[in-house]
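Along the sequence shown, residues are numbered consecutively beginning with 1.
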Amino acid sequence: MTESNNESTARLAGAWKKHERRWKDNRYVYAVVSRRSRGVSVGVNLNPGKECNFNCVYCQVNRAIPPLIRRVNLEILSDELNRILQAERDGSLYDDSPFDILTEPERGVQDIAFSGDGEPTTYPRFIDAVRIAAEARERFSLASTKLVLITNAAYLNKPVVRAALDILDANNGEIWAKLDAGTEPYFGRVNRPNVGFVRVLENILKTAQIRPVVIQSLWFRIEGIIPPEEEVEAYCEKLRELLARGGKLKYIQLYTIARDPSERTMAALSHDELDRIAAIVKSRIPVPVEVFY
């Protein structure tokens, strides 16, 4: 008897909630079972000091707790990446939770993702870290593995970041650009950024004019209130403008809170509530939409 989608989701739900930024005694490189990556994602944390130019209300990083490590040592990072990829290759990664629940077809490194405790592009040597990941991907013959940048898009206009994106492009790369709002006031309330909404949208546009970009949008309840429909409509309008101006969107990720945020007045949407948002987006935007509950 084959496992149903509902049974698979129930089995994996606990693993999706375990996104600790630690693996063994590594400082910077970790692995998670990711719902959006649909399997094992190897994370590269370039912000162990919790540096971020956004202060999103739903973030699970508790910045009230001082970090144990503040600086990135790229030599150590490279060694850690080699070690975790070797553990996946020889199967020892799957000896421990949460990876031990994965069936054989669910195993394998889906992506090497620049994520972690802050915005990866704030790291001054971001391009060097991307090179290290690209070299490891080639060394372990991970042809189908993606290099993913999970970003708030605020610094995609920097020349050094643009140069790093060229390396991503050459290595099955994807840029997951955050867009959690349709208006400046909601953007400010949700993301609490150090840059304006217009700049983020322009950065996404200029990046998407060169290669298709993934839009990642997190929707949730704020103090019990679901996102206003007019905000979702404004969000769709911003996406239409991106497309009209020559931006290419690979697909849109719509998702809700899966792990406990540091601010407890935020809560996940129900399946039906997220589906209602997805129905609006699908009816307005001619781009594939993926929904993650």
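Applying the 6.0 Å contact sphere to CD of E138 captures no more than 12 heavy atoms from other residues, nucleotides or ligands.
Distance CE/M266 to CD1/I222: 5.5 Å, rounded to 0.5 Å. Interatomic distance, CZ of R36 versus CG of D111, reported as 10.0 Å (0.5 Å rounding). Considering CZ of R221 and OG of S270, their distance stands at 7.0 Å, rounded to 0.5 Å. Here the CG-NZ distance, from L165 to K158, works out to 12.5 Å after rounding to the nearest 0.5 Å.
Between R240 and E237, at least one side-chain N (NZ, or NE/NH1/NH2) sits under 4.0 Å from a carboxylate O, which counts as a salt bridge. Under the 4.0 Å criterion applied to side-chain N and carboxylate O atoms, R192 and E263 are assigned as salt-bridge partners.
Between H271 and Y293, the ring-plane angle classifies as parallel under the 30° and 60° cut-offs.
A side-chain N or O of N45 and one of D117 form a donor-acceptor pair less than 3.5 Å apart. Under the 3.5 Å distance criterion, with hydrogens and angles disregarded, no donor-acceptor pair is assigned to the side chains of T122 and N53.
You'll find the ring centres of F126 and F114 inside the 6.0 Å limit.
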For residues 196-205, which side-chain donor-acceptor pairs fall under 3.5 Å, sequence neighbours excluded?
unit_1: R199; atom_1: NE; unit_2: A154; atom_2: O; d: 3.3
unit_1: R199; atom_1: NH2; unit_2: A154; atom_2: O; d: 3.1
unit_1: E202; atom_1: OE2; unit_2: R245; atom_2: NH1; d: 2.7
unit_1: E202; atom_1: OE2; unit_2: R245; atom_2: NH2; d: 3.2
unit_1: N203; atom_1: ND2; unit_2: A153; atom_2: O; d: 2.9
unit_1: N203; atom_1: ND2; unit_2: A154; atom_2: O; d: 2.9

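Summarising the geometry of E119 relative to I150, their closest heavy-atom pair is OE1-O, 4.2 Å, with the distance given to 0.1 Å. Across all non-hydrogen atoms, the minimal contact from P261 to V57 is CB-O, 4.3 Å. Scanning all heavy atoms of the two residues, the minimum distance from V40 to G108 falls at CB-O, 3.4 Å. Across all their heavy atoms, C236 and I285 have their closest contact at O-CD1, 3.3 Å.
For the pair R89 and F140, the cation-pi test (distance below 6.0 Å, angle within 45°) is failed.
A donor-acceptor distance shorter than 3.5 angstrom exists from the side chain of R137 to the backbone of T145, with no hydrogens or angles considered. Judged by distance alone, the side chain of E231 and the main-chain N or O of G182 form a donor-acceptor pair under 3.5 Å. Distance alone, capped at 3.5 Å, is enough to place a donor-acceptor pair between the S217 side chain and the L179 backbone. In this structure, K50 contributes its side chain and I65 its backbone to a donor-acceptor pair below 3.5 Å.
Placement of V289 and L269 within a single hydrophobic cluster is found when ILVMFWY residues are connected by side-chain heavy-atom separations under 4.5 Å, directly or transitively.
Partner E290 forms a salt bridge (Lys or Arg N to Asp or Glu O under 4.0 Å) with one of R35, K250, R38, K282 and no other, that one being R38.
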